[in-house]
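Below, read A as the first sequence line, B as the second, and so on, with proteins coming before strands; counting in each chain starts at 1.
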Amino acid sequence: MDLQILLLLGQDGITNGAIYALLALALVLVFAVTRVIFIPQGEFVAFGALTLASLQAGQVPGTVWLLLGLGATVAVLEGAQLVRDGRYAKLPPLLILNVGMPLLFAGALFAMPPTQLPLWAQVVVSMMLVIPLGPMIYRIAFQPLASAPVLVLLIVSVAVHLALIGLGLLFFGAEGWRTPAFTDLSFEMAGAPLQGQTILVVVASALLIIGLYFFFERTIYGKALRATAMNRTGARLMGIPPILAGKLCFTLAAAIGAFSGILIAPITTIYYDSGFLIGLKGFVGAIIGGLASYPLAALGAILVGLLESYSSFYASAFKEVIVFTLIIPVLLWRSLTTRHVEDDDEHTDEINPDTLPRRAKRRWLRHLPFFAFIGLLLAAPSLLPEFSITLLNYIGLYAIVAVGLVLLTGVGGLTSFGQAAFVGLGAYTTAFLTTNYGLSPWLTLFIGLAITAAVALCLGFITLRMGGHYLPLGTIAWGISLYFLFGNVEFLGGHTGITSIPTVSLFGLELKSGNQFYYLIWFVVLLAIVAIRNLLDSREGRAIRALRGGVVMAEAMGVNTQRTKIVIFLIAALLASTSGWLYAHLQRFVNPTPFSLTQGIEYLFMVVVGGMGHVWGAVLGAGLITILKQWLQDWLPQILGQSGNFEIIVFGIAMVIVLQKARVGLWPVIVKMLPLRAEQRSVPLAESLPKRTLTATGKVLLEASEVTKRFGGLVANNNMDLSVRAGEVMALIGPNGAGKSTMFNCVSGVDRASEGKITFLGESTIEQGSRDIARRGMSRTFQHVRLLGQMTVIENVAIGAHQRGSKGVIAAALRLDRHEEAGLLAEAARQIERVGLAAHMFDPAGSLALGQQRIVEIARALAADPCLLLLDEPAAGLRYQEKQALAELLRKLRAEGMGILLVEHDMDFVMGLADRVVVMEFGEKICEGLPEEVQRDPRVLEAYLGGVD
Amino acid sequence: MVKKLTLAVLAAFASLALADINVGVSVSATGPAASLGIPEKNTIALLPTSIGGQKVNYIVLDDATDPTAATKNIKKLISENKVDVMIGSTTTPNSLAMMDVAVDGETPMISMAGSAIVVEPMDAKRQWVFKTAQNDAHMATALVQHMTDKGIQTVAFVGFADAYGEGWYKEFAKIAEARKLKIVASERFQRNDTSVTGQILKIMASKPDAVLIGGAGTPAALPQKALKEKGYKGLIYQTHGVANNDFLRVGGKDVEGAFLPVGPMVVAAQLPNDSPVKKSAMEYVTKYEAVHGKGSVSSFGGHAWDAGVLLQNAIPIALKKAQPGTREFRKALRDALESSKNLAGAHGIFNMTPNDHQGFDQRARVMVTIENNTWKLLK
């Protein structure tokens, strides 16, 4: 292996890596400030390069038209707002900036032939054409959605990307462009030629990183941008306008993009769709940098470039497979080593005021729409023309995958771009086995499901360990790997595909025509919908929904989050595989194209547009997007003429508008329009669940000795001792930052104590996780309320009873769990009544006052039937009467033999209730004893009041 | 009474006279094969709107190089627009996907895809499928012939990692083996790749006498540029997929001297005057360039033109047997297409037989080289 070859490959890798790094930097910048994963960044690069190339070829670049169009749109949008507000004075500057100047610019370009300008002038013109696009796109597409969840912003990003690609094809054509190099210099390095342009690219990247680092760390604007990213509301309160932040960062991103494009146009051919793949690899780099660190992002991008270079030498056909497969362990490593901060987004459970469960009064009326839908489906083949049935078939196929995705992404919060790969697994398994071995399609269905399950378990095991943004990228990685694997493996027909797949026979009837297959497809769709809905409305369903409330809360309630994640991942994969099987036998031809990342993104599109958290949203989304595309294909050429392809542009724009108007999807909008009223559900009557025998009063439940917890250099707890007996209320008090919550976390298994012993009911808990501890009888509430705002109070409380039930996924899907479910809900209702919130039983938990939410948490903790209750500031936010009621409840619980460990700041509340008090300061115990003793202790007085006078 | 009868007869004649011929077209005008599909789409607009006295409607749909979309298109065209014949699609996978639907709908289909698998081996399904693009094997034979004439003994291949590159490699490998050429390296690259350094280094390490680049459109310039940059001294061959001016534009000086087989249409003006293809080829080139500018013609557009040539010959024959819009017409059209003899198209002379639904022979390809940034016919 030649050293020179190694060096050449390294040089090539670094060059490509530098290109990806330029994009990675911009992506991190945009995400850090606006939380938008800005996929169209690649298009800025492409547009920058292609605009310059157009100018050099003597043509007026189409970018001018885009600039004019966007400028006019911004002027209209902003102008309308100004007119509404009556601020007419601001209109002229707005119009001049957004319409006047672009017009002037365009006029100048048309008047003067571009080739006459020197190169540097052409570069400047190109930059000036592309840079304003950034803030304009921000204003039009993203500003109205500034507070939407990251996933919605991502989908809008994809829509903008589609529109820009369509425009790129229109303006610049399908063939590529190159520009002459800025410099023809060429150096020799270690015997290999090194182009001057290449050095420019690398140097530019390095300068950009340093520049961005200084900008964000040292300048006030940079800090303002970072502040906006961390906390929009906080930044606004500090006087930083978030709109300014957004526009500024998009301008920067556009500038970086355009500049990158101009830099790389001489060394490689740029196409209208080059941006996506370059952007994707830059995105990988950005993720490796945790979407936060510029140097790491650049390093990550260079790593991708190097991987690409070396694998294109060793196995060029499998280059993409190798690169994206090797990314996965890197992601896993990064995910595990980064202290993953669960940012606000993960608990985002924006409560929409109108999401009260709406149900019709009578039972048959409630089910009527469903049966009407089935009726329509059955009647469709006789009523509708053949092509409509074809469309319905495709809608059905997509809907099956989308339903799985609703479960995985919408409800479980795990964004997956790789579902298309599982569709491919199902399709290819059956295609290969039926054409080569003549197996029956029904047999290959199950073989396909088995293979998919095996692959999903492997992939899920690896990717689901990743948290935050690493997970979606992990799904992109294996989605792309599998796609290229399908295409490059000889026995699967390669890219040309497998033809002559036999038809499916059902009870002797061959399902050949679309009309016949239709029934099978929609039967599967309905089955999937019913099963998933049943699943969501059960014990396991609550566990799945609890995933969004944060792993800590779910584990504390006894939900095995790792297992639950794998289960929903598996279900989504199996549904996708079934869709693939159906597709193969409908189309009777498979090749890799339908299983690409693009299709994976489209599934996500359908789910978000249809209604992310709703199973019916999947069908709606699939139907809407398919029909919209078809409609555009039919009507656009008639309206706009045959000369170009406008469908994808209009599609992208339409999606942006839809998401701006209905950011949680269209299904909730439709439900709101239906004439249903909120109705009280009744609590099922059921016998009580078996209760735990409580320990005799006075016996020690919890014993913690010499517990020390360190976070790096900070010692949060230092040699803490604590004990709680049955039938006793033990209060843990201390000033803020004393380490009380840390102690709680150590005791309940959320954190592991660095040193010391903790025993609960005689067994050491240091090795146990919070789930096991919870099962053994310890239950807790949280300092910051962790409820699922969209779920009703009774459902939230029922999560607490999770470990008192046992019916799993299959039982839930088949509705065999009704008896147990009734018991669990009845138990939850009992606890709610016990804490005095019976009036709010069916309200969404997020609609309650904060103090009441804390009481709901207590009810949830009680639903687990604990013998030891850990309450973290339960009285915060309660009024006097409510505090009395709470104290009364705690006394009752104590009388029943429960042990209670309480953290509180309200001294009256604590002193009137507690049997013993422990006082902490700076992580250490400074006093313990009866309430009266502690109140008089000079050390305590010193800690709280700063000394006795 | 007589008046009513006359009216009825007139109406019948009127409906006879007004029966339009519907031609469905599915092309890949967007997506990876856009550089092939756009010239095809542009050419469809130039095809005759009246054949044999009947009006001809072309309904053009884009399938974005996606077989699923292609299938949807053909299903739509057959069931809703009741087309009498299908033209499409641009790529081999799309054509294979559409084939079953065409067969079920008993509609003849004229594909513009390159691989022979679309029409061979002849079976009940492929009865309905025809192809105007030269088979890749056809082109590969001319190429290999040139190689052996030049005394080449070892070849390296670098091609697209998609159906085009895959198809070309298969054909080339078969013929190379038969002609005792040794393939010393076989690499792949993606259309959008920013660099192919790794592939080129590997190829050069195997020291081949010639390198064949299996790509289409401007992306195929990248390997050739890289080879030049790394100082490769052997012969470089391209495929007919690069026969358009954009390739020359992007390739610039670096693609000088490459050899490639093309349909005669690409160098129509340089053909000897007694060439049977010259007239029909020039007709297409003039027509296309009149609308889209000098030098804008692309080899792929010619395949769409040839579909029009086939139809122009076959439709009047079929009209004698049946009315457009009927099953009989489609069957008659299929038979007429199958019996096309000595039809001069832009790319060659068609002679279809029941077993050969492509119909070209030696006259459908020539070897050219790139000289002074244009195509030069090799004698």
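Counting heavy-atom pairs under 4.5 Å between each of B/A45, B/G252, B/A69, B/P219 and chain A puts B/P219 at the top. Counting heavy-atom pairs closer than 4.5 Å to chain B, the top-ranked of the candidates A/D634, A/T598, A/V590, A/N393 is A/D634. Counting heavy-atom pairs closer than 4.5 Å to chain A, the top-ranked of the candidates B/A205, B/G167, B/A161 is B/A161. By number of non-hydrogen pairs under 4.5 angstrom with chain A, the leading residue of B/I203, B/D104, B/T92 is B/D104. Contacts with chain A were tallied for B/P93, B/G37, B/A163; B/P93 has the most, counting heavy-atom pairs under 4.5 Å. Here A/S316 is the residue among A/A317, A/G497, A/S316 with the most heavy-atom pairs under 4.5 Å with chain B. Chain A forms the most heavy-atom pairs under 4.5 Å with one residue out of B/L61, B/T91, B/L222, and that residue is B/L61. Among the candidates A/T390, A/I648, A/D273, A/T15, the residue making the largest number of heavy-atom pairs closer than 4.5 Å to chain B is A/D273. When the candidates B/G217, B/S186, B/P67 are compared by the number of heavy-atom contacts under 4.5 Å with chain A, B/P67 comes out ahead.
B/T68 and A/Y583 share a donor-acceptor pair across their side chains, judged by distance under 3.5 Å alone. A donor-acceptor pair shorter than 3.5 Å can be found between the side chains of B/S195 and A/N16. Using modelled atom types and a 3.5 Å distance limit, the side chains of A/T269 and B/K225 yield no donor-acceptor pair.
When all heavy atoms are compared, the tightest approach of B/G198 to A/D12 is N-OD2, 4.5 Å. When all heavy atoms of B/A34 and A/Y272 are compared, the pair lying nearest together is CB-OH, 4.2 Å. Nearest heavy atom pair, residue B/T65 against residue A/T593, reads O-CG2, 3.8 Å. Closest heavy-atom contact between B/A97 and A/F589: CB-CD2, 3.4 Å. Closest non-hydrogen pair, B/R191 versus A/Y271, comes out as O-CE1, 4.0 Å. Annotation for A/Q587 and B/D100: closest pair O-OD2, 4.2 Å, computed over non-hydrogen atoms.
Using a 4.5 Å cut-off on side-chain heavy atoms (C-beta onward), A/L169 and B/I38 make contact. Residues B/Y164 and A/T496 are not in side-chain contact: their nearest non-hydrogen atoms beyond the backbone lie 4.5 Å or more apart. For the pair A/F484/B/Q190, a side-chain contact is recorded, criterion being any heavy-atom separation below 4.5 Å from C-beta on. For the pair A/R178 and B/R249, the minimum side-chain heavy-atom distance is 4.5 Å or more. Considering only heavy atoms from C-beta on, A/Q630 comes within 4.5 Å of B/K72 through its side chain. Contact annotation: the side chain of B/V250 never approaches that of A/W177 to less than 4.5 Å [non-hydrogen atoms, C-beta and beyond].
At least one test fails for B/K75 against the ring of A/F387: distance under 6.0 Å to the centre or angle within 45° of the axis.
Looking only at distances, no side-chain donor or acceptor of A/E386 sits under 3.5 Å from a matching main-chain atom of B/E80. A donor-acceptor pair is defined here as one N or O able to donate and one able to accept, closer than 3.5 Å; such a pair exists between the side chain of A/E175 and the backbone of B/T218. Listed for the A/H495 side chain is no donor-acceptor partner under 3.5 Å among the backbone atoms of B/E166.
Atom OG1 of B/T194 sits about 9.0 Å away from atom CG of A/L277, to the nearest 0.5 Å. Residue B/L201 holds its CG atom at 8.5 Å from OG of A/S312, rounded to the nearest 0.5 Å. Expressed to the nearest 0.5 Å, how far CZ of A/R588 lies from NZ of B/K125 amounts to 7.0 Å. Here the straight-line distance linking atom CG of B/L96 with atom CG of A/N591 works out to 9.0 Å at 0.5 Å rounding. If you take CD1 on A/I165 and OG1 on B/T30, they are separated by 10.0 Å, rounding to the nearest 0.5 Å.
With a 4.5 Å cut-off on non-hydrogen atoms, A/S500 touches chain B through its backbone and its side chain both. Contact annotation for A/T626: only side-chain heavy atoms (C-beta onward) come within less than 4.5 Å of a heavy atom of chain B. For A/L391, the part sitting under 4.5 Å from any heavy atom of chain B is the side chain, from C-beta outward, and nothing else. No part of A/I270 comes within reach of chain B, as not one of its non-hydrogen atoms sits under 4.5 angstrom from that chain. Using a 4.5 Å cut-off between heavy atoms, A/Y394 contacts chain B through its side chain alone, with no backbone atom that close.
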